[in-house]
Amino acid sequence: MISTARVPADKPVRIAFSLENASDETPPDDSIPLVFPELDQQLQPLPPCHDSTESMQVFKQHCQIAEEYHEVKKEIALLEERKKELIAKLDQAEKEKVDAAQLAREFEALTEENRTLKLAQSQCVEQLEKLRIQYQKRQGSS
């Protein structure tokens, strides 16, 4: 006969049950216990009454649900991490977009300044050529 004992609520519960190769037989007393540390104390599977198949089935279901809960929590954590990464990428893309817009404005301003300077340079070249011609005329008339 297997004896059961009450465990105080403030103590962690270790469960001697494995879902792999689970059978309806009573698990041996020396089996390695499963632990669900991620579960709150009130959500921990209670040890089953080994004399009751219904109790064992409920216990197995509770353990399966606890494992599914753990998997869902891991997936949520991974998705939250991915969300943070995507938000960081979006922030970076928006910053780059603002930087690109600023660079485009600077490019337009510099292009306009370049056009203005080229026009001034060509006007100066024309004026210089006129001054050379005038100078040559004065040299020729003297």
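What you see is a predicted model; the values in this text were computed from it and never measured.
- In the displayed structure, Glu75 atom CD is contacted under 6.0 Å by at most 12 heavy atoms of other residues, nucleotides or ligands.
- Of the N and O atoms on the side chains of Gln127 and Gln123, not one donor lies less than 3.5 Å from an acceptor on the other residue.
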(message) Walk me through whether Gln61 and Gln57 qualify under side-chain hydrogen bond (donor to acceptor under 3.5 Å, both in side chains).
(response) CA-CA 6 Å; Gln61 287 175 346; Gln57 286 298 326; 5.2 Å; no

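- Checking Gln102 against Glu106 by side-chain atom types alone, a donor-acceptor pair falls below 3.5 Å.
- From Ile133, atom CD1 reaches atom CG of Leu128 across 10.0 Å, with rounding to the nearest 0.5 Å.
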(request) List the steps, then state whether side chain to side chain contact (heavy atoms under 4.5 Å, CB included) holds for Arg82 with Leu78. (result) CA-CA 6 Å; Arg82 179 72 175 136; Leu78 290 172; over 6 Å; no

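- Within the model, atoms NZ of Lys130 and CD of Glu126 stand 6.0 Å from one another, a figure rounded to the nearest 0.5 Å.
- Checking Leu79, Leu86, Ile87 one by one against Lys83, the side chain to side chain contact (heavy atoms under 4.5 Å, CB included) holds for a single residue, Ile87.
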(request) Any chance you could lay out the side chain to side chain contact (heavy atoms under 4.5 Å, CB included) test for Leu103 and Phe107, step after step, and finish with the verdict? (result) CA-CA 6 Å; Leu103 289 173; Phe107 177 77; over 6 Å; no

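- Within a 6.0 Å radius of CD in Glu71, other residues, nucleotides and ligands contribute more than 12 heavy atoms.
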(request) Output, in order, the C-alpha distance, side-chain angles, deciding distance and verdict of salt bridge (charged side-chain N to carboxylate O under 4.0 Å, His left out) for Lys97 and Glu94. (result) CA-CA 5 Å; Lys97 185 178 178 182; Glu94 287 175 353; over 6 Å; no

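- Listed for the His50 side chain is no donor-acceptor partner under 3.5 Å among the backbone atoms of Ser55.
- Salt bridge Arg132/Glu129: present, at least one basic N to carboxylate O contact under 4.0 Å.
- Here the closest non-hydrogen pair linking Pro45 and Phe59 is CB-CE1, 3.9 Å.
- Salt-bridge check for Asp99 with Lys95: passed, with a basic side-chain N closer than 4.0 Å to an acidic carboxylate O.
- One distance of note links CD1 of Ile76 with NZ of Lys74; it measures 12.5 Å at 0.5 Å rounding.
- Taking all atoms of both residues into account, the shortest heavy-atom contact from Met56 to Cys49 is CG-O, 4.1 Å.
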(request) Just do the side chain to side chain contact (heavy atoms under 4.5 Å, CB included) check on Glu67 and Gln64 with the steps written out, would you? (result) CA-CA 5 Å; Glu67 285 186 0; Gln64 288 172 340; 5.6 Å; no

